[in-house]
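To start, the structure itself, in structure tokens.
Fair warning: this is a prediction, and the values are worked out from it, not measured in the lab. Lettering follows sequence order; numbering is per chain, from 1. Any value given below was found using the heavy atoms of this structure, including those in side chains, with hydrogens, waters and symmetry copies removed.
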Amino acid sequence: MISDPLQVDDFNKKLKSWYLKNHRPLLWRQTTDPYKIWLSEIILQQTRVAQGTPYYEKFLENYPTVFDLANADERDVLRLWQGLGYYSRARNMHYTARQIVSEFEGRFPETALTLSKLKGLGNYTAAAIASFAFGEAVAAIDGNVYRVMSRIFGIKADMLSNEGKKEFAQVAKTLISHEDPATYNQAMIEFGALQCVPVSPNCSICPFNDICYAYAFNVQNELPVKAKKLKVKNRFLNYFIIQQGDKLAMQERNTKDIWKGLYDFLLIESAAHVDSPEELADNAMLLVLMKKGTIRQVPKLYIHLLTHQKLHVQFWWLTIPESEPVDLPSNIYFFSKNEVETLPKPILIDTVLKEEKYL
DNA sequence: TAAACGTGGTG
DNA sequence: TCACCAAGTTT
């Protein structure tokens, strides 16, 4: 392991030198504004820089300050987040913006400990903001940093278990630079993102290949250790897109399930694939609706992959004449085309509406 | 505390 | 095609 202050000092010098030569000039690195740093960190959680960057720019244009975000409707925030996934990030961010305005007069807490009490801020994000915006000497340990530490220092603890996280945190504490913690954290993250990459790292040009455990024993592919293996569940969703004039019947998803806060259509889930709506149980209301208009099956069966679910999704498009009065199930309402466009929707719903030439 | 939460890129 | 992964957090 590494505990000798001289070795730590040498490690930090090499790391910083690598960073100064190789880092990307990312937008959120050009500022110490905690709001901007916070925004970037939330967006980047489990998200690639390339995917997140356009959202960072959009959010800053629409909500330049924490006050603007606090004043926004949650629905609009979610709409701007549409397509990024993990939507609780957007809901929590909006909630936290309001809290920062109402409780702290728009100023962010300045330590990792106090930041971590805010919704959506865990250990990593709190430490990142505390060091980048306020210069606190706390280690921000994200997936990149776990990888770098486990490989260089040969740490085989499971990075996803609480036990393992403690071990990594210990090592990180001995490593962090107290002269320039912000650059140290940025450098560790960037080093993992650019040099010590998950697959096929080019160790021949690595400044640490003289001390790296993984390189010495050729176990780059075995580190870091992640014990978790996830099982994917199949789900069969049958959506009914009820249209009247240019209006669509949509509902806000409010259950403890996927896509909370986003809008979709009348949904009947089944245990297996069904070929026709008649096969769906509990469809008396459906039959009434179908009698009023015409129904067509959207030809494509959509397969939509989530982290823990494989969605098999069939859509039926139900067109009802405007002369027919329609009794919608509770919580489902008609929205004009304009409104449908501005509602936050799962990317799957948005895709179908576009492929079916509605949007 | 293990499981759940999205989407898109990659080999 | 598909498993894996990408600046994690919540419950």
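- With rounding to whole Å, A:Leu27 atom CG is found 18 Å from C:dA7 atom P.
- Within 4.0 Å of A:Ile189, counting heavy atoms only, lies at least one base atom of the nucleic acid.
- Residue A:Arg147 is in sugar-phosphate contact alone, with no base atom involved, counting any heavy-atom pair closer than 4.0 Å across all strands shown.
- Within 4.0 Å (heavy atoms only), A:Ile258 reaches sugar-phosphate atoms of the nucleic acid but no base atom.
- Out of C:dT9, B:dG9, B:dC5, the shortest distance to the side chain of A:His308 is found at B:dC5.
- Nearest-nucleotide positions on DNA chain B place A:Lys233 closer to the 5' end than the other of A:Leu306 and A:Lys233.
- Contact annotation: side chain of A:Thr125 to base of C:dG8, donor-acceptor pair absent below 3.5 Å.
- Considering only side-chain N and O atoms, A:Gln309 lies under 4.0 angstrom from the phosphate OP1 or OP2 of B:dC5.
- Classified by interplanar angle (parallel below 30°, tilted 30° to 60°, perpendicular above 60°), the ring pair A:His312/A:Phe236 is parallel.
- Ion pair A:Glu179/A:Lys16 not flagged as a salt bridge, since none of the NZ, NE, NH1 or NH2 atoms sits closer than 4.0 Å to an Asp/Glu carboxylate oxygen.
- At B:dG6, none of the side-chain N or O atoms of A:His304 fall inside 4.0 Å of OP1 or OP2 (strictly under the cut-off).
- Using cut-offs of 30° and 60° on the angle between ring planes, the pair A:Phe11 and A:Phe153 is tilted.
- Contact annotation for A:Arg253: no contact, since no heavy-atom pair falls under 4.0 Å across all strands.
- Regarding contacts with the backbone of C:dA7, every side-chain N or O of A:Tyr146 stays at 4.0 angstrom or more from both OP1 and OP2.
- If you check every strand for non-hydrogen atoms under 4.0 Å, A:Ile43 touches nothing.
- Here A:Leu26 lies in heavy-atom contact (under 4.0 Å) with a base.
- Between A:Tyr302 and A:Phe315, the angle of the ring planes goes over 60°, which puts this pair in the perpendicular group of the 30/60° scheme.
- A:Ser116 contributes no side-chain N or O that, together with a main-chain N or O of A:Leu121, makes up a donor-acceptor pair within less than 3.5 Å.
- When the nearest nucleotides of DNA chain C are assigned to A:Ser116 and A:Lys310 by heavy-atom distance, the more 5′-ward of the two goes with A:Lys310.
- Looking at heavy-atom distances under 4.0 Å, A:Leu84 makes contact with a base.
- Contacts of A:Lys260 with the nucleic acid, taken as non-hydrogen atoms under 4.0 Å apart, are absent.
- Atom C1' of nucleotide C:dG8 and atom CE of A:Met93 are separated by 15 Å, given to the nearest angstrom.
- Looking at heavy-atom distances under 4.0 Å, A:Trp28 makes contact with a base.
- Aromatic ring pairs are classed by plane angle as parallel below 30°, tilted from 30° to 60° and perpendicular above 60°; the pair A:Tyr213 and A:Phe217 is tilted.
- Taking every side-chain heavy atom of A:Asp142 into account, C:dA7 is the closest of C:dT10, B:dA3, C:dA7.
- Looking at heavy-atom distances under 4.0 Å, A:Gly122 makes contact with sugar-phosphate atoms alone, never a base.
- Mapping A:Asp257 and A:Asn162 onto DNA chain B via the closest heavy atom, the residue that lands nearer the 5' end is A:Asn162.
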